[in-house]
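Scroll down for the structure; my scribbles are underneath it.
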Amino acid sequence: MNQSLGRAAFGIQTLALLSLLSLPVPGCTQRRQLPPPPTGPWMNASLSPDERADLVLKELTLDEKIALLHGVGMPTDEPVTPENAASNRGVGYDVGVPRLGIPGIDMSDAAYGVRSSGANGRYSTALPANVAAAASWDPDAAFEYGALIGRELRAQGYNMSLGGGVDITREPRNGRTFEYLGEDPVLAGTLVARLIEGTQSEHVIGDIKHYAFNDQESGRTSVNALIGDRAARESDLLAFEIGVEKGHPAAVMCSYNRLNGDFACENQYLLNQVLKKDWNFHGFVVSDWGGTHSTEKASAAGLDNEQPGSVFFGEPYKAAVQAGKISMAELDEHVHRILRSMFAAGVIDHPRQRSVIDPFAGLAVARKIEEESIVLLKNEHAVLPLDPGKIHTIAVIGAHSDVGMISGGGSAQVDPPGGNAISPSGQGATHWQEQVWFPTSPLKAIRARAPRATVTYDPGTDPATAAAAAKNADVAIVFAYQWESEGMDLPSLSLSLRQDELVASVAAANPHTIVVLETGSPVTMPWVAAPAAILEAWYAGSDGANALGNVLFGSVNPSGKLPNTFPRSDADLPHPTIVQPPPGSRHFSGPVSPVERAAGLPPFDRDYNEGVKVGYKWYDAEKKPVLFPFGYGLSYTSYRYSGLSVTPAKTINVTFTVANTGARSGAEIAEVYASLPASAQEPPKRLVGWSKVKIDAGGQQTVTVDIDPKYLSIFDESTQAWKLVPGDYTILVGGSSQDLPLKATVSLK
Ligand code: BGC
């Protein structure tokens, strides 16, 4: 949700010093009184979270129960109310049960780092965007990603994270693509599960969102996603299913949009049937901000907690209980889920402890993950890595690469220390829908790695001037970016601001041109044949420039692979244009105002008739050539695959060998796909597993991937269950979805 952030951010040293001296940090409210440590019988840690929740529940009055069902308004709203005065100034606050020492739930957005830190006089690390973490294909990196967020939330006084975006990339122009984990449900679900485990390992409630089909921002509060059961369960919902089953998030956030008629936050099918019953989810469902639309209907459908206020789950809820319209048992079920989640995540046994964030440790994690995430898309004549001994002149061009790197906007926005690198004041706090550039300078990183070279900078605003700057340099490095944010969609996958022309002109002037992309979504590249090398650096986080420098100069061998297909043009997408709300309904995607709610927003349909064919499944099925396929990414070394064997056991074991045939050690993401029997009527193939393996130059490694039978199954609508279709399954193994040299067939009954 939008907040206007009016306070200046502070430098690392200043903050650390103020915190050490225990002085109030300017911009913060005074240190809060935390509730006394809880002491009741529910503090017996040998009892289960469910038993402990029931012991608390028995003690609660009706008002205390209702208070657990909702927030108290945006904690940043002025004037500060007595309820939210006790909050930590995040985006949501439930008051808890102070009488029993049950703490409030302090929620902060935390997609790629803790939000609003600068505005609150605090510091947080910006990790590379979530889509970058997906490009690492590394579950351990995802854990580290989540753990860093959990640590920094806790240190800042929060005990609940609003991160874990896992809507798959059904619409790549969605302005939140950078907040999600790519187009494949198995990849996205596996990574979000590890991310949540990381966050919750720090005793912070983790959340996955936006459940479900929040696949575009245009008209997000009125769009009605239409999709059949089987396609839904095998695509977007599968990512959530894996996230819930493997990551055990304490919370799931329901989304703004409707699905097949009903709003997600009052949708029986999504909440009670699929999430709570079929997936056995024990946590609580929290509404997106302003995404609650009713009291009785939402409660009966399975919504447990309204945010940020109490329009439907405050007084109206109490009245409905008193009038017998909502049973005490239904109310208790919601309260139980909230309390048991607090015990399960450890927020009661391990109360928050404010501490000084270690920014240097954060930078190291952010850099390491970015180094694993950068994708090398093209490298002709091994122009990369650069050898500083042989290069005398480098022309650096475009995208403010002299001072910073772009970040993703909206509620995911992390405040940069010292302020936006390109804002006129240099120290300003971040504002809603403002492009925020982190002060991590590629130009400086390049100069540091080529100290004897002459390194020039051109802003790239005029393609002809940039080409002239590039012409006589040994190497030209041209940066191009595409900013995206919650609250908007990209009009197209083309680079904006004449950047296509810029890249084409520079590449025409210098045969040793390297393009560095800073984007959240795929981009089209009419100039793809021209430059010698292309790197996708995503939104690179707090220490992006050093990670990039290490890849450009070869101290890190790139190993990321695309979590989203890069198509040739918008026309090749399942829907060449984004369906927009009809005239008269709201285009902006903020929460529904009371007036609009009363008037009833006219819904408009978005028919996802491509069904399960999301991303590569679409291009495969439609036989459309792409620019760069899902799972693609080069390295400074090369790999050879051999010796596939497939053993159908309880799970299917796939074993093969990967050899590093080049002169550098590296990490290869070995991908396993399956083609189902024709009678299953599925797209040509689907990802069913992978392994990221480090292999020394000249070495080789035996790789085993266990395939979860669910990933080979179809969702049978008649039984509402996963089912293996008997027949021949082809297992395909290799280094990208379009380079699968190993093949074996296995018959399953
Ligand atoms: C976003 C959520 C976010 C919430 C609170 C909403 O507008 O969709 O992702 O967690 O605001 O800021």
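As the structure lists them, so they are numbered: ligands from 1, and atoms in each ligand from 1. Below, all heavy atoms of this structure are taken into account, side chains as well, without hydrogens, waters or symmetry copies.
Which parts of ligand 1 touch Arg115 is read off a 4.0 Å heavy-atom cut-off, strictly below it: atoms 12 (O). Which parts of ligand 1 touch Lys209 is read off a 4.0 Å heavy-atom cut-off, strictly below it: atoms 2 (C), 3 (C), 9 (O), 10 (O). Distances below 4.0 Å separate heavy atoms of Arg220 from the following atoms of ligand 1: 7 (O), 8 (O). Residue Ser411 has at least one heavy-atom neighbour below 4.0 Å for each of these atoms of ligand 1: 1 (C), 2 (C), 3 (C), 9 (O), 12 (O). Taking a cut-off of under 4.0 Å to the non-hydrogen atoms of Arg176, the atoms of ligand 1 that pass are 1 (C), 2 (C), 8 (O), 9 (O). The ligand atoms of ligand 1 that sit less than 4.0 angstrom from a heavy atom of Met253 are 10 (O). Interface atoms of ligand 1 facing Tyr256, defined by a heavy-atom separation under 4.0 Å, are 6 (C), 7 (O), 8 (O).
Using a 4.0 Å cut-off between charged side-chain N and carboxylate O, Arg170 and Glu610 make a salt bridge. Under a 4.0 Å N-O distance rule, the pair Arg352/Asp106 qualifies as a salt bridge. Taking a cutoff of 4.0 Å between a charged side-chain nitrogen and a carboxylate oxygen, Asp109 and Lys209 qualify as a salt bridge. We find that Arg233 and Asp278 are joined by a salt bridge, their nearest charged nitrogen and carboxylate oxygen being less than 4.0 Å apart.
Side-chain atoms of Thr430 and Asp415 include a donor-acceptor pair closer than 3.5 Å.
Considering backbone and side-chain atoms alike, Asp109 places an N or O below 3.5 Å from some N or O of ligand 1.
Between Tyr180 atom OH and Asn174 atom CG the span is 6.0 Å, to the nearest 0.5 Å.
Neither the backbone nor the side chain of Gln307 comes within contact range of ligand 1; no heavy atom lies under 4.0 Å.
Outside the 6.0 Å centre-distance limit, the rings of Trp538 and Tyr112 are not counted as a close aromatic pair.
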